[in-house]
Amino acid sequence: MKDEKLPRKEKFSEWYNEILQMAEIVDVRYPIKGICVWYPFGFALRQRIYSILRSLLDVDHQEVMFPLLIPENEFMKEAEHIKGFEEEVYWVTKGGSKSLEMPLALRPTSETAIYPILRLWIRSHVDLPLKIYQIVNTFRCETKHTRPLIRVREITSFKEAHTAHSTWGEAELQVKDALKLYGDFFRRLAVPHVITKRPDWDKFPGSDYSMAVDTLMPDGKALQIGTVHHLGTNFAKTFDVRYEDPVGEQRYVNQTCYGISERCVAAMIAVHGDDKGLVLPPEIAPTQIVIIPIVAKGMDTLDACKHVLDMLKGEYRTVLDDSQERPGAKYYKWEMKGVPLRAEIGPREMERDEVMLVRRDTFKRETVPLSKLSKAVEDMLSAIHANLYEKARQSLESRIVDCKTLDEAKVAIQKGMAKVSWCGEEGCGLRMGEVTNGGVLGELAAIESGKCLICDKKTDKVVLMARSY
RNA sequence: GGGGCAGUAGGGUAGUCUGGUCUAUCCUCGCGGCUUUGGGAGCCGUGGACGGCAGUUCGAAUCUGCCCUGCCCCA
């Protein structure tokens, strides 16, 4: 495996498929379409990412666990919702050899599993706001081309939060809070992103409106990496979720839900990775520092390495690679795994009580005395995160282009996103998509006066357009 | 949604058109051993494969059909 080369990142599709296997993120060889296996290393990476997400949510949400199976009658209650998911639902229809009286859906998302129970949990205004989340697998029988971590039939890592509030306005504040939380989360992954309001024809089925978080992949296509939905009282009415307000009136709750999936792992890999493999932000890297001994006759460099390991392992996830491979082979191996810092100790370093540190993101090397090692490592790790985020941010911003004509937009969309004026009409939005071979991602919060590129009507709405996954 | 192409050890391949010493090639990999160690080491030994089901045939990796899986292009 060590002699196999990763395709260059310019060939993004090949690069992406190969890196998942070579860096041991997921094994795509499981014999069901759109379903993969997490390797131990990939799973460790996933755990680190999701523990960040948990820590952000746990501030004011409670974690729960709802069942995978949803009875048909509950699933079929909300008309819009059914329309959105019906064609992708897996059904369990048999128990052993006998048909079930009521078919059971494998959750494609959990609104219809959770909300009948919220009806029981929520009685009065003192139960509100209620904020829960779960991290579970969900199933969607995707009809389009599947891609590991990006378009899958089993979403293994669906974090879905569900909240209930007294008023529409309070729910709207929750939408803003959720977007802020997602912003914090993606900054920790050093993944820059844009936030837009999805057009009505592309919102979550059953929501009042949907907000989306997108990033740009290296091939210029947008990847939706998070969504936040204002559900209003739509589901509350369907599932009869009511509370008694302070003056004794029965009212429907206003709800939100918001989700993140393993696409966040895909985005982090794709945004930072390079021709040599993964490049991981230090907070996420399962191994933060690898120590490589350079063996030489008559000098016990291995002992010096063990000493350095002892110095570092309390504070950083550190590994000493004392395997029998040669140093070069070890460099390639750990670079593939994205380890942020490599420490080398050979005769030169030993004589002077030094360590050579090499950064994964820039390959810059620096020799530091043992006495200053801890501080140097701390500084370099934080510099790596800052550099990854800054580079990615610039790359994203340079690919968002203001466009005054459809021709300009068509060109911009080949490499990134086009920012254009739009009147707000569905017909014009869809037409813009057809003409440019892209689609309307969503509306930006910014207001800029201009004219709709299709109907020429005056407008202050600005939308982002892109090709997307 | 429409149209192509492909599936041979863990990974990548030769062989398929023209069925027969294919007892399946080469590289990589795994295991055992010896020598090595500042950017993918060398030698010796050894291990492992024709996607599945059915059909044609004396005989199928090779031909036919269906299924599964993957990749590419267009909308």
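Note that the structure is a prediction, hence the values are computed from the model and not measured. So that the names make sense, note that chain A is the first sequence line, chain B the second, and so on, each numbered from 1.
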Review point. Is the closest basic N to carboxylate O distance between A:Asp300 and A:Lys306 below 4.0 Å?
Key: no
Point to revise | Pairwise P distance, B:rG10 and B:rA6 [rounded to whole Å] | key: 23 Å
Practice item. Can you tell me, in whole Å, how much space there is between the C1' of B:rC17 and that of B:rA61? Key: 14 Å
Check your understanding: Is the gap between the ring centers of A:Tyr182 and A:His193 under 6.0 Å?
Key -> no
Check your understanding: To the nearest Å, how far apart are A:Glu344 CD and B:rU37 C1'?
Key -> 12 Å
**Study point:** Side chain of A:Val295 (C-beta onward), nearest among B:rG38, B:rU37, B:rU69
**Key:** B:rU37
Study note, to complete from the structure: Taking a pair to mean Watson-Crick or G-U wobble geometry with both distances below 3.5 Å, B:rC43 pairs with B:rG33
Exercise for review: Send over the distance from A:Gln324 CD to B:rU36 P, rounded to a whole Å.
Suggested key: 12 Å
Check your understanding: What is the pairing partner of B:rG1, taking Watson-Crick or G-U wobble pairs with both distances under 3.5 Å in any strand?
Key -> B:rC74
Exercise for review: Under 4.0 Å between any heavy atoms, over every strand shown, what does A:Gly433 touch: base, sugar-phosphate, or nothing? Just pick one.
Suggested key: nothing
Exercise for review: May I have the distance from A:Lys333 (atom NZ) to B:rC29 (atom P), rounded to whole angstrom?
Suggested key: 14 Å
Check your understanding: At under 4.0 Å between heavy atoms, what does A:Pro347 touch on the DNA or RNA strands: base, sugar-phosphate, or nothing?
Key -> base
Exercise for review: Assign each of A:Ile35 and A:Glu349 to its nearest nucleotide of RNA chain B by heavy atoms, then name whichever residue's nucleotide is nearer the 5' end.
Suggested key: A:Glu349
Exercise for review: Inspect the contact between A:Asp214 and A:Arg198 and indicate whether a charged nitrogen and a carboxylate oxygen are less than 4.0 angstrom apart.
Suggested key: yes
Check your understanding: So, is A:Arg326 near the phosphate of B:rG38, with a side-chain N or O under 4.0 Å from OP1 or OP2?
Key -> yes
Check your understanding: In whole angstroms, how far is the P atom of B:rG11 from the CD atom of A:Gln21?
Key -> 8 Å
Check your understanding: Counting side-chain heavy atoms from CB outward, which of B:rU37, B:rG11, B:rG39 is closest to A:Arg29?
Key -> B:rG11
**Study point:** Charged N-O contact under 4.0 Å between A:Lys375 and A:Asp379
**Key:** yes
Practice item. Give a yes or no on whether a salt bridge exists between A:Glu283 and A:Arg188, defined as a side-chain N under 4.0 angstrom from a carboxylate O. Key: yes
Practice item. Write down the distance separating the C1' atoms in B:rU25 and B:rC68, rounded off to the nearest Å. Key: 28 Å
Exercise for review: Output yes when at least one side-chain N/O atom of A:Arg147 is less than 4.0 Å from OP1 or OP2 of B:rC71, else no.
Suggested key: no
Review point. With respect to the side chain of A:Ser13, which nucleotide from B:rG1, B:rC72, B:rU37 is positioned closest?
Key: B:rC72
Review point. Hey, are A:Glu366 and A:Arg359 close enough for a salt bridge, meaning a charged N less than 4.0 Å from a carboxylate O?
Key: no
Point to revise | Value in whole Å for how far the P atom of B:rG39 lies from CD1 of A:Ile292 | key: 12 Å
Practice item. Write down the distance separating the P atoms in B:rC50 and B:rU57, rounded off to the nearest Å. Key: 25 Å
Check your understanding: Among B:rG38, B:rG11, B:rU37, which is the nearest nucleotide to the side chain of A:Tyr331?
Key -> B:rG38
Review point. In whole angstroms, how far is the C1' atom of B:rU69 from the CD atom of A:Glu142?
Key: 17 Å
Review point. Has the side chain of A:Glu335 got a donor or acceptor atom sitting under 3.5 Å from an opposite partner on the base of B:rG39?
Key: yes
Practice item. Using the P atom on both, measure B:rG65 against B:rU28 and round to a whole Å. Key: 39 Å
Review point. So which nucleotide does B:rG10 pair with, by the Watson-Crick or G-U wobble rule with both distances under 3.5 Å?
Key: B:rU28
**Study point:** Nearest-nucleotide pick for A:Ala329, side chain only, options being B:rG10, B:rG40, B:rG70
**Key:** B:rG40
Review point. On a whole-Å scale, what distance lies between the C1' atoms belonging to B:rC31 and B:rG20?
Key: 36 Å
Review point. Between atom CD in A:Glu434 and atom C1' in B:rA75, what is the gap in whole Å?
Key: 10 Å
Exercise for review: For B:rU18 versus B:rG55, give the span between their P atoms, rounded off to a whole number of Å.
Suggested key: 25 Å
Study note, to complete from the structure: Re B:rG59: Watson-Crick or G-U wobble partner, both distances kept under 3.5 Å, found to be none
Exercise for review: Please report, rounded to the nearest Å, how far the C1' atom of B:rG11 is from the CD atom of A:Glu18.
Suggested key: 9 Å
Check your understanding: Considering only B:rC71, B:rG38, B:rG10, which nucleotide approaches the side chain of A:Pro327 most closely?
Key -> B:rG38
Exercise for review: With C1' as the reference atom in both, quote the distance from B:rG12 to B:rC29 in angstrom, rounded to an integer.
Suggested key: 11 Å
Practice item. Decide, yes or no, whether a salt bridge links A:Arg342 with A:Glu344 under the criterion of side-chain N to carboxylate O below 4.0 Å. Key: yes
